[in-house]
Amino acid sequence: MPELLNLESFRFRISEISTMTGVSTRQLRYWEQKGYIHPMTRTDQQKARMYDFHTFVAVRIMKVFLDEGYRLPSAAEKMTSFLADINVFRDFVKQAFRGIEIVDGQPAVDMGSFDKAGKQILYGINDNGHIRYIVKDKKKDQQ
DNA sequence: CTTCTGACA
DNA sequence: TGTCAGAA
């Protein structure tokens, strides 16, 4: 899988982060002061803050927890662990995803070998929100 | 026009 | 946290 989009190259200004997350610019500066978020280092003293994609996600997640009633310190902690979980999942998918194939007449996610010998493949299918898995023998012309 | 810092409510 | 001032 080639990298179609490099999210790490995204750059946002403070007002953009504000509108995208629903968090005021005042809050963003305060959270930074408290050490909850870390905008990119500014060259000059009076230059505008720049935020990367990771920080955008962090802010958005914190906002969600705050809306759920958590206070700033708790929301920050939950954001950190949630971000860690997301990374675990992202790495998993990055390794497991082999492509999409038609199985039983519908799109199925090829999740790779199911058995150690590598003769069976695990597929995941989404039937209108109902997830099910199928193990199929690997075809010879598929090697 | 936008952002920054500091300050007051 | 919102808002405003004065500067960049």
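Keep in mind that what you see is a predicted model, and the values were worked out from it rather than measured. Convention: sequence-line order gives letters A, B, ...; per-chain numbering from 1.
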Minimum-distance nucleotide to A:Arg13 side chain [options: B:dT2, B:dC4, C:dG2]: B:dT2
Would you mind reading off the distance between [X] atom [atom1] and [N] atom [atom2], rounded to a whole angstrom?
X: A:Arg42; N: B:dT2; atom1: CZ; atom2: P; value: 19 Å
X: A:Tyr51; N: B:dT3; atom1: OH; atom2: P; value: 10 Å
X: A:Gln27; N: C:dT3; atom1: CD; atom2: P; value: 11 Å
X: A:Leu28; N: B:dT5; atom1: CG; atom2: P; value: 13 Å
X: A:Ile14; N: B:dT5; atom1: CD1; atom2: C1'; value: 12 Å
X: A:Arg26; N: B:dT3; atom1: CZ; atom2: C1'; value: 14 Å
X: A:Arg29; N: B:dT3; atom1: CZ; atom2: P; value: 8 Å
X: A:Gln33; N: C:dT1; atom1: CD; atom2: C1'; value: 12 Å

Any donor-acceptor N/O pair, A:Arg26 side chain to A:Val23 backbone, under 3.5 Å: no
Sugar-phosphate, base or nothing in reach of A:Thr25, heavy atoms under 4.0 Å: nothing
A:Phe92 and A:Phe89 aromatic ring geometry - parallel, tilted or perpendicular at 30°/60° bounds: parallel
Aromatic ring pairing A:Tyr70/A:Phe65, orientation class (parallel under 30°, perpendicular over 60°, tilted between): perpendicular
Heavy-atom closest pair, residues A:Thr21 and A:Lys63: O-CG, 3.3 Å
side-chain N/O A:Ser15 vs B:dT3 OP1/OP2, d < 4.0 Å: yes
Donor-acceptor pair present, A:Arg49 side chain and B:dT3 base, under 3.5 Å: no
